[in-house]
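Chain letters run A, B, ... following the sequence lines, proteins first and then strands; every chain starts at 1. Worth knowing before you read on, the calculation uses all heavy atoms, side chains too, and leaves out hydrogens, waters and symmetry mates.
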There are 2 protein chains.
Amino acid sequence: MAAADDNGRPLAPLLRKLIALGPVSQADAAAVESLPLTLREYPPGQEIVRERDRPTQGCILLSGMCCRFKIVGDGARQINSFHVPGDMPDLQSLLLHQMDHGLLTLTRVRLALVPHPTLMQLVENHPRLGFLLWRDTLIDGSLFREWMCSIGRRTARVRVAHLLCELFLRYRNVGLAEDMTMPFHLTQTHLGDALGLSVVHVNRVMKSLRRDGVIGIASRRLTILDRPGLARIGDFDDAYLHLTPGS
Amino acid sequence: MAAADDNGRPLAPLLRKLIALGPVSQADAAAVESLPLTLREYPPGQEIVRERDRPTQGCILLSGMCCRFKIVGDGARQINSFHVPGDMPDLQSLLLHQMDHGLLTLTRVRLALVPHPTLMQLVENHPRLGFLLWRDTLIDGSLFREWMCSIGRRTARVRVAHLLCELFLRYRNVGLAEDMTMPFHLTQTHLGDALGLSVVHVNRVMKSLRRDGVIGIASRRLTILDRPGLARIGDFDDAYLHLTPGS
DNA sequence: CGACCTTTTGATATTTATCAAGTAGCGTGG
DNA sequence: CCACGCTACTTGATAAATATCAAAAGGTCG
C-alpha cells in the first residue's frame with residue numbers, strides 16, 4: 001500500500017511525518033518534495049555516522065531501522081533511540097556540528113541525503129517547516145526522558161514491555177503496523193543495549209512475556225496478543241509520544 | 001560580580017546563555033532585553049509546572065536550581081535534568097502544549113515568566129534567536145542521551161563522578177563556579193533520583209569519593225579536589241555539552 | 001553443508017536495593 | 001541562646017535484581 005503510493009516520491013515517509021507534527025501548506029509540502037536528494041542503501045550493522053564526525057548532509061530514513069548509540073568507557077554500548085521510516089535521525093548535525101553519538105543501521109536501510117545548506121535554506125524560506133522540525137526535536141527529547149525513567153526506575157520486565165508498546169505505536173503512526181503486528185528485526189542484544197540490561201536477562205524476560213501469552217514472535221514480526229495487558233505490564237501511557245499535534 | 005552587573009537587567013543570565021550558543025546581534029539582544037517579564041520567587045520543593053499542565057507562559061531561571069522529573073508507575077521519581085540560571089527549563093511547552101513531565105524547585109528560585117505568544121513573536125521576528133533556542137533544545141537532548149548512558153551502562157561510582165563533572169562545567173559556564181568550587185544544594189535523594197540509585201547507595205559512593213580526597217563538601221558548596229581524578233573516575237568527556245558554539 | 005550469529009539454559013557472582021536505626025545539622029520558636 | 005522537630009545523612013545487615021560465565025541448541029545464509 002504505502003510502497004505503491006510512494007513510487008517515485010521517495011520522501012513520502014517524511015511528509016507523512018511532518019503532517020503528523022502539524023498542518024503543512026501546499027507550498028511547504030512542495031518545497032520538501034522538490035529537495036535534491038541522494039538516495040543510498042546500507043547493509044545491516046553499518047555505521048552511517050560516527051561519534052565526532054562533522055556531517056555535511058542530513059539524512060532521512062526511508063525504509064528499514066537504525067539507532068543512535070554511544071560507547072562508554074568500558075566499551076559497553078548504550079542505544080539512545082530507534083528510528084522508523086520518516087525520521088531524520090541526525091537532524092541535530094544541522095545545528096550542532098560535531099556528532100556526540102553514532103548512527104547505526106539495524107537492517108538493510110534506504111535513506112535520502114540532503115546537503116545541510118539546502119536544508120538550512122528550506123527552513124529559512126519556510127519557517128513553518130522549521131517549527132515542525134523543532135517540534136520533532138522536542139519530541140525526541142521527550143522519548144529520551146521516558147527512556148531515562150525506564151532505565152533508571154523500572155524493572156526489567158516493565159522496561160521491555162514499555163519499549164514494545166512504544167515501538168508498536170510508532171510503527172502504527174507511520175502505517176507500518178498491521179493490526180497488532182509490527183516488523184521486528186531487533187536482536188536481544190539490541191534490546192539489552194537500549195534498556196540497560198544484559199542479553200541473558202532480556203532473553204528471560206522475553207520468554208516470560210511469550211509464556212504469559214502477551215506477545216508472539218514469528219518470522220521477524222512481533223504480534224501483541226494482549227495489548228491492555230502489555231500496556232499494564234509496561235506502565236505505558238502514550239502521552240510522551242505527543243502523537244496528536246494539538247497537544 | 002555578576003549580581004552587580006545584572007542590576008535592573010534580570011535577563012542577563014539568559015543573554016549570557018544565548019551568546020554562549022552562538023553570535024547574537026545587537027538588535028536581537030535588545031529584543032530579548034525588552035521582553036515584558038513577570039518576576040516570581042518560589043521556595044524550595046515547589047512544583048512550578050506539573051505533568052499534563054498546559055502552560056501559557058515560558059519561564060527563564062534567574063537564580064537557584066530546579067529540575068525536570070517524572071513519576072513512574074510504582075511512585076518512584078526520575079529526575080531528567082538539573083537547571084542553572086539562564087536555562088529555560090520548560091521551553092518545550094512553547095511548541096508542545098501538554099507537559100510530559102514536571103518542573104520542581106530545589107532551592108529558593110527566582111524566575112521570569114514570558115507569555116507564549118510574546119515568545120512566539122520573538123522567534124518569528126528574530127529567526128536567529130529561534131535557531132539558537134532550537135540549538136539549545138538539541139543540547140538538552142544531548143545531555144539526556146549522556147544521562148541514559150550513565151544510568152544504563154555505568155556503575156554507581158562512575159555515575160556520581162560523571163554528574164559532578166557535568167554540574168561543575170555547567171556552573172562554570174554561567175560564571176557561578178569559583179576556582180574549583182560550585183554551589184551544591186542537591187540532597188542525596190535528588191542525586192539518587194537523577195542517577196537511578198537508592199539514597200543509601202549514593203551516600204556510600206559520596207563517602208568513598210570524599211575519603212579518596214577527590215571532592216569535599218562544606219556549607220552547601222562542593223569543591224573538586226582532584227579534577228583529572230574525578231574526570232577519570234567519571235568517564236567524563238565534555239564534548240556532549242557542546243559548550244563551544246563552533247562545534 | 002558449514003560457519004556464524006542469535007537464542008536459550010543453568011550455575012554462580014556482583015551490584016544495588018531495602019529495611020531498620022541511629023546521628024548530625026539546621027531552622028524556628030520560646 | 002537553647003530546646004525541639006524536622007530533614008538529611010550515615011551505618012550495618014539482609015534481600016533482591018541483574019550480571020557474568022559457560023555451553024548448548026536453533027536459525028540463516030552463502
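Within residues 184-192 of chain B, the residues having any heavy atom under 4.0 Å from DNA chain D are, by residue number, B/Thr187, B/Gln188. Listed in residue order, the members of residues 198-207 of chain A having a heavy atom less than 4.0 Å from DNA chain C are A/Val200, A/Asn203, A/Arg204, A/Lys207. Near DNA chain D, meaning a heavy atom under 4.0 Å from it, residues 66-79 of chain B has no residue at all.
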Do A/Thr137 and A/Gln92 pass the side-chain contact (heavy atoms from CB on, under 4.5 Å) test, and can you show the C-alpha distance, the side-chain angles, and the key distance before you say yes or no?
CA-CA 8 Å; A/Thr137 300; A/Gln92 79 155 287; over 6 Å; no
Test side-chain contact (heavy atoms from CB on, under 4.5 Å) on B/Arg157 and B/Ser208; report intermediate values, then the result.
CA-CA 9 Å; B/Arg157 183 176 164 89; B/Ser208 89; 2.7 Å; yes
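Partners of A/His162 according to the ring-ring contact (aromatic ring centres under 6.0 Å, His included) rule, which considers only residues two or more places apart in sequence or in another chain, are A/Phe236, A/Tyr240. For A/Asn80, there are no side-chain hydrogen bond (donor to acceptor under 3.5 Å, both in side chains) partners, not counting sequence neighbours.
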Scan the side chains in residues 214-227 of chain A for donor-acceptor partners under 3.5 Å anywhere in the protein, sequence neighbours excluded, and list what turns up.
{"from": "A/Thr223", "atom 1": "OG1", "to": "A/Thr181", "atom 2": "OG1", "distance (Å)": "3.2"}
{"from": "A/Asp226", "atom 1": "OD1", "to": "A/Gly229", "atom 2": "N", "distance (Å)": "2.9"}

I'd like a table of donor-acceptor pairs (distance under 3.5 Å, sequence neighbours excluded) in which one partner is a side-chain atom from residues 102-111 of chain B, with atom names and distances.
{"from": "B/Thr105", "atom 1": "OG1", "to": "B/Pro43", "atom 2": "O", "distance (Å)": "2.7"}
{"from": "B/Thr105", "atom 1": "OG1", "to": "B/Gly45", "atom 2": "N", "distance (Å)": "3.0"}
{"from": "B/Thr105", "atom 1": "OG1", "to": "B/Gln46", "atom 2": "N", "distance (Å)": "2.8"}
{"from": "B/Thr105", "atom 1": "OG1", "to": "B/Gln46", "atom 2": "O", "distance (Å)": "3.4"}
{"from": "B/Thr107", "atom 1": "OG1", "to": "B/Met65", "atom 2": "N", "distance (Å)": "3.0"}
{"from": "B/Arg108", "atom 1": "NH1", "to": "B/Glu41", "atom 2": "OE1", "distance (Å)": "2.6"}
{"from": "B/Arg110", "atom 1": "NE", "to": "B/Ser63", "atom 2": "OG", "distance (Å)": "3.3"}

Taking only distance into account, with no hydrogens and no angle test, what donor-acceptor pairs under 3.5 Å do side-chain atoms of residues 71-79 of chain A form with protein atoms, sequence neighbours excluded?
{"from": "A/Asp74", "atom 1": "OD1", "to": "A/Ala76", "atom 2": "N", "distance (Å)": "3.1"}
{"from": "A/Arg77", "atom 1": "NE", "to": "A/Asp193", "atom 2": "OD2", "distance (Å)": "2.8"}
{"from": "A/Arg77", "atom 1": "NH2", "to": "A/Asp193", "atom 2": "OD2", "distance (Å)": "2.9"}
{"from": "A/Gln78", "atom 1": "NE2", "to": "A/Asp193", "atom 2": "O", "distance (Å)": "3.1"}
{"from": "A/Gln78", "atom 1": "NE2", "to": "A/Ala194", "atom 2": "O", "distance (Å)": "3.1"}

Between protein and nucleotides 25-30 of chain D, map the contacts as a letter string: B base, S sugar-phosphate only, - none, heavy atoms under 4.0 Å, written 5' to 3'.
------
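Contact annotation for B/Arg210: backbone-only contact, meaning every heavy-atom pair under 4.0 Å involves sugar-phosphate atoms and none involves a base. Counting non-hydrogen atoms under 4.0 angstrom, A/Gly45 reaches nothing in the nucleic acid.
Side-chain atoms of A/Met88 and A/Cys59, non-hydrogen and from C-beta on, never get closer than 4.5 Å to each other. At a threshold of 4.5 Å between non-hydrogen side-chain atoms, the residues A/Pro10 and A/Leu39 count as touching. Between B/Leu164 and B/Leu230 the shortest side-chain heavy-atom distance falls below 4.5 Å. Under the 4.5 Å side-chain criterion, counting only non-hydrogen atoms from C-beta, B/Leu209 is in contact with B/Ile233. A heavy-atom distance below 4.5 Å is not found between the side chains of A/Leu143 and A/Glu146.
A ring pair (Phe, Tyr, Trp, His ring centres under 6.0 Å) check over residues 165-199 of chain A, counting only residues at least two apart or in different chains, returns nothing.
Between the B/Asp53 side chain and the B/Pro55 main chain, no donor and acceptor come within less than 3.5 Å of each other.
Under a 4.0 Å N-O distance rule, the pair B/Arg68/B/Asp140 qualifies as a salt bridge. A salt bridge links B/Arg170 with B/Asp87: the distance from a Lys NZ or Arg NE/NH1/NH2 to an Asp or Glu carboxylate oxygen falls below 4.0 Å.
Nearest heavy atoms, A/Leu14 versus A/Gly86: CD1-O, 3.6 Å.
The overall bend of the helix from C/dC1-D/dG30 to C/dG30-D/dC1, read as the angle between its terminal helix axes built from five base pairs each, is 50° when rounded to 10 degrees.
With a heavy-atom cut-off of 4.0 Å to chain A, the contacted part of DNA chain C has its first and last nucleotide at C/dT6 to C/dA11.
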